[in-house]
Number of protein chains: 2
Amino acid sequence: MEPPRHTGAMDLKDVPTPALVLDRSRLETNTRFMAGRAARLGVQLRPHMKTAKSAEVARVATAGQNGGITVSTLTEARYFLAHGFTDITYAVGLAPARIEEALALVRDGAKLNVLTDNPAVAEALAARAAATTLPRPLGVLIEIDCGDGRGGLQPDAPELTGLAGTLSAPNLQLAGVLTHAGHSYGCAGVEAIALIAEQERAAAVFAAGRLREAGHACETVSVGSTPTATHAHELDGVSEMRPGVYMFGDLDQVGLNSLPLERLAVSVLASVIGVYPDRVLIDAGGLALSKDASAQRHGTDIGYGLVLNLQGELLPGAYVAKANQEHGFVKGMPQRLAPGDRLRVLPNHICMTAAAHPGYYVVDGGIEVQARWPRINGWEQWS
Amino acid sequence: MEPPRHTGAMDLKDVPTPALVLDRSRLETNTRFMAGRAARLGVQLRPHMKTAKSAEVARVATAGQNGGITVSTLTEARYFLAHGFTDITYAVGLAPARIEEALALVRDGAKLNVLTDNPAVAEALAARAAATTLPRPLGVLIEIDCGDGRGGLQPDAPELTGLAGTLSAPNLQLAGVLTHAGHSYGCAGVEAIALIAEQERAAAVFAAGRLREAGHACETVSVGSTPTATHAHELDGVSEMRPGVYMFGDLDQVGLNSLPLERLAVSVLASVIGVYPDRVLIDAGGLALSKDASAQRHGTDIGYGLVLNLQGELLPGAYVAKANQEHGFVKGMPQRLAPGDRLRVLPNHICMTAAAHPGYYVVDGGIEVQARWPRINGWEQWS
C-alpha cells in the first residue's frame, strides 16, 4: 500500500483554485454504509471506480471486501492494475478495437472481465483469444437489459444461449451476466427505486437461470447503481453489486434519497473573483463544475451547485445560478464577500465534475490538507 | 516553431476512441475569415485560446497578426509563454491569490495583461507589484460590463477613475478597458447580434473616453465574443477583438449564424459498442461530449450532437439523443451499423467538449492523421 502523498503544512486557504476537496471521514462513512448494505443483502461489493478514479479511494472502498473493482475505461483498468488491483470488471460494452488491450491486461496479470451483448463482438473475442497465449482466461459477462434501455439483451432474448455458446471458447470464460438499472435515476421516491431494484435483480437472475439450464456455469450475477443498491429490499440470486457514486454522493443522489446532504464527500473549492450587488463571481465555472444539470429536476434554486463556506458549512439560499467556462455566478449569498474569499460548491453530478480535475485535496472535517490523491482521467495518456 | 508531432502512417480507423479530430483546412478557413473581419473593422485580432488551448492552433490563429493572444487561465499563460507567445491577456477577473503567479510570468518574459474591476484587487496589485522587481510593468485592464451582467463596472460607474488611479502605481501599467458581450449568445438573428455588438463597442469606448478625460492613457479598448466579432457593423474606437470559438465552431455557433455547419472543424471520433433496433450505442458519452446542452435551444433533435460518418459526411437525422458517462445513445441513424464501426459527433459547445481530451488528431479533409496536437487543460498540472 502506498503512503498518502503528503503536502506539508497546507490548508484549503493555500490550495490553487478551482480544485476538488475530498472529506476522508465522509468517504469512510459512505463506504461503510455500502459495505453494510452488501453484507445485509448477502452479495459481494465490487465498487465502481468510474466516479473516484483513484487508487487511494479504491483502497478505502474495498476495505473488508474481496478486492474486486469495476471500471468504466480500460485506461482505468491499466491504472488500477498498476496499483495492485487485479480483479477488475470493465462494465462498458467492449469495442472490437479494444480486444487486444483487454488481452494484454490479462497477460499482465489482471483477472479481467469484459462485457458484451453482441454476437459479432463475441466471435471476434473468441478468434483473438484463441490466437494468443494467456496465463488465465479473459472473463466475459453478457450484458442484460433490465429496463434501462441502454445496452444488453432482454432477459428472455432467444440469442442469449447462442451468445454463451460462442463465448465458450479457448482462453475465454463465460463469467456470467451483468445489468445496470440506470432508469432508477428517473424515480420519485424510495419505493419506486426498490421496485426498479427488483426488476434489476429479477432480470439478471432470470437470464442466469437460462444460461445454467443450457449447461453454462454462470458464477457472476452482477447488478449495479447507487440508488438500487441503497434501496433494494433483497437481492436473492445476485452475486455482486457495482455502485460507484455512493462513495462521494452529489446533489442528484441527495434528490434520489441515496444519502443525506451531510454525507456529500467532495466539493469544488473556489475563490471569489468579483462582487456585485446581486451576485458573486467565483473561479469555478462550467469546466470546474461541469454543465451537468441533472439535480435541477429535484428542486428549484440548485443551478450548478449549492454553496458552502470554506469550512464546509452550507450557506442557506446560496447556489451557482449560471456557469460560463471559467466563471460561476453565485446568487443568494447570505453574507457579504470580498475578492479572494473562498467557497466550496456541492456539485450536481460528481462523476462529471471530478473528471475536470487532476485529483483530490484530502481533508478530515477541517481545512487542513492531509494528502493529495491523483485521479486517472480520460481514455489515453499523452506525454 | 516546433514541427508538428507526426504520428507515422495512421488514419482515423486506428485512433483509440473517443478522441478529438481537427480538420486543418477548416481551421484555416475559419481563422482567415476572422482575420478578414478584423482587417475590415480596423482592429487587431487577439484570438482567445480558451477553446483550442493548443500552441499549434495558436500559430494558425495568429498568422499575419501581431502575435497577441488571450487566455482563460494562468496555466494557459504559462504554457503559451513556454511556446513563444509573449503578448498575453488573461481575460478572467484576477483572484488575489494569483497575483504572485502573474508577476512571475512578467519576470519570465511575458508582456502580460490581467483584468479586474475591484478596488481591493487593484490595491493588492499595486502593493505586490511595488514590492518586486520586474523587467516591464504588469498590464492591468479594467473590466467593463456592456450588458452581459457577468463581470465589470458599468461604463458610467463613478468608481472607474478611482480604480484607474489605484492602478497608476510602480510596476503596473493601466493598459485600458476590456468587455465581453456574452449576452450575444441569447440572440435570435444576426441583426440582434449586431445590436449587441454596438452596445459592446459603445460601452468600451465610452469607458475609455472617461479614463482619457481623467488623464489616463488607455491604449487598449478590447471587445470579444465570436457572435459579435462576426456580425458587428463597425468597431470605431476599439483597438482589438478577442473571439475564440470561431476557430473550430460548434452547433451553438451554427445556431447563432457565426458560421455554416460545413466549417465546423472539430468532431469527436467514436466507435459503435452496441446495436439495437431503435438506437446505436457509441463510446463517446457525457465525458467525451460534455453535458452542455446549449445548442438544443436552436432546434429539435440535436441532443448532445449531430452525427457524421467516419469521412466527416453528415448522416441526416442522426443525433446523440442521450449521454451517460461513457455511453452515447445515437438515434435516427439512416443506415445499419455494426460494433466497431466509427462515427464522428459535432458537439454543442466545443469549449466544454474539447476540455475532456488530451489533444487533437489532425486531418486535412480525409481520414489520414497528419499530426497530434496536444492541449493544455485544467488549472494545475499534477505530476
Side-chain angles (χ1 to χ4, degrees), chain A residues 14 16-19 50 72-73 92-98 101 116-118 120-121 124 143 149-152 182 271-276 278-279 281 283 286-288 290-294 324-327 329 338-340 349 351-352 355-359 372 374 377-382, chain B residues 14 16-19 50 72-73 92-98 101 116-118 120-121 124 143 149-152 182 271-276 278-279 281 283 286-288 290-294 324-327 329 338-340 349 351-352 355-359 372 374 377-382:
Chain A
D14 308 315
T17 57
K50 76 189 182 94
S72 63
T73 67
V92 175
L94 186 69
R98 296 269 183 197
E101 197 177 345
T116 194
D117 62 8
N118 190 283
V121 177
E143 186 169 13
R150 188 168 78 182
S271 296
V272 172
I273 57 171
V275 179
Y276 310 89
D278 66 334
R279 68 192 181 278
L281 290 183
D283 63 359
L287 283 183
S290 107
K291 295 298 287 277
D292 191 290
S294 52
N324 287 174
Q325 183 165 345
E326 297 292 343
H327 296 81
F329 295 61
H349 186 176
C351 309
M352 295 291 133
H357 300 267
R372 274 192 354 175
N377 290 316
W379 308 271
E380 203 188 354
Q381 307 298 306
W382 287 22
Chain B
D14 308 315
T17 57
K50 77 188 181 95
S72 63
T73 67
V92 175
L94 186 69
R98 297 270 183 196
E101 198 177 345
T116 194
D117 62 7
N118 189 283
V121 177
E143 187 169 13
R150 187 169 78 183
S271 296
V272 172
I273 58 171
V275 179
Y276 310 90
D278 65 333
R279 68 192 183 278
L281 290 182
D283 63 359
L287 284 182
S290 107
K291 296 298 287 277
D292 192 290
S294 53
N324 288 174
Q325 182 163 346
E326 296 292 343
H327 296 81
F329 295 62
H349 186 177
C351 309
M352 295 291 133
H357 300 267
R372 274 193 353 176
N377 289 317
W379 308 272
E380 202 188 354
Q381 307 298 305
W382 287 20

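Below, each value reflects all heavy atoms present in this structure, side chains not excepted, and no hydrogens, waters or symmetry copies. Chain A is the first sequence line, chain B the second, and so forth, proteins listed ahead of strands; every chain is numbered from 1.
Counting heavy-atom pairs closer than 4.5 Å to chain B, the top residue among A:Gly274, A:Pro96, A:Ala120, A:Gly378 is A:Pro96. Comparing A:Ala124, A:Ala19, A:Gly151, A:Ala293 by how many heavy-atom pairs each has under 4.5 Å with chain B, the most go to A:Gly151. Among B:Lys50, B:Glu143, B:Arg150, the residue making the largest number of heavy-atom pairs under 4.5 Å with chain A is B:Arg150. Ranked by heavy-atom pairs under 4.5 Å with chain A, the first of B:Ser271, B:Ser290, B:Gly182, B:Gly152 is B:Gly152. In terms of heavy-atom pairs under 4.5 angstrom with chain B, the leader among A:Asp278, A:Asn324, A:Asp14 is A:Asn324. By number of non-hydrogen pairs under 4.5 angstrom with chain A, the leading residue of B:Pro339, B:Gly340, B:Ala356, B:Ala338 is B:Pro339.
Interface remark: B:Arg279 contributes side-chain atoms only to the contact with chain A (heavy atom separation under 4.5 Å). Both the backbone and the side chain of A:Leu287 come within contact range of chain B, with heavy atoms under 4.5 Å apart. Residue A:Ser294 does not touch chain B at all, counting heavy-atom pairs closer than 4.5 Å. For a residue to count as touching a neighbouring chain, one of its non-hydrogen atoms must lie under 4.5 Å from one of that chain's; by this rule A:Ala95 touches chain B with backbone and side chain alike. Heavy atoms of B:Thr116 lying under 4.5 Å from chain A are absent altogether.
When all heavy atoms are compared, the tightest approach of B:Ile273 to A:Leu94 is CG2-C, 4.4 Å.
For the pair A:Gln325 and B:Met352, the minimum side-chain heavy-atom distance is below 4.5 Å. Using a 4.5 Å heavy-atom cutoff, the side chains of A:Trp379 and B:Glu326 are in contact.
Every residue was checked against the side chain to side chain donor-acceptor pair (under 3.5 Å) condition with A:Asn118, not counting sequence neighbours, and none meets it. A:Asp117 pairs by the salt bridge (charged side-chain N to carboxylate O under 4.0 Å, His left out) definition with nothing, not counting sequence neighbours.
Under the 3.5 Å distance criterion, the side-chain polar atoms of B:Arg98 are matched with a main-chain donor or acceptor of A:Thr17.
Atoms NZ and NE2, from B:Lys291 and A:His349 in turn, are 6.5 Å apart once rounded to the nearest 0.5 Å.
A salt bridge links A:Arg372 with B:Glu380: the closest approach of a Lys/Arg side-chain nitrogen to an acidic carboxylate oxygen falls below 4.0 angstrom.
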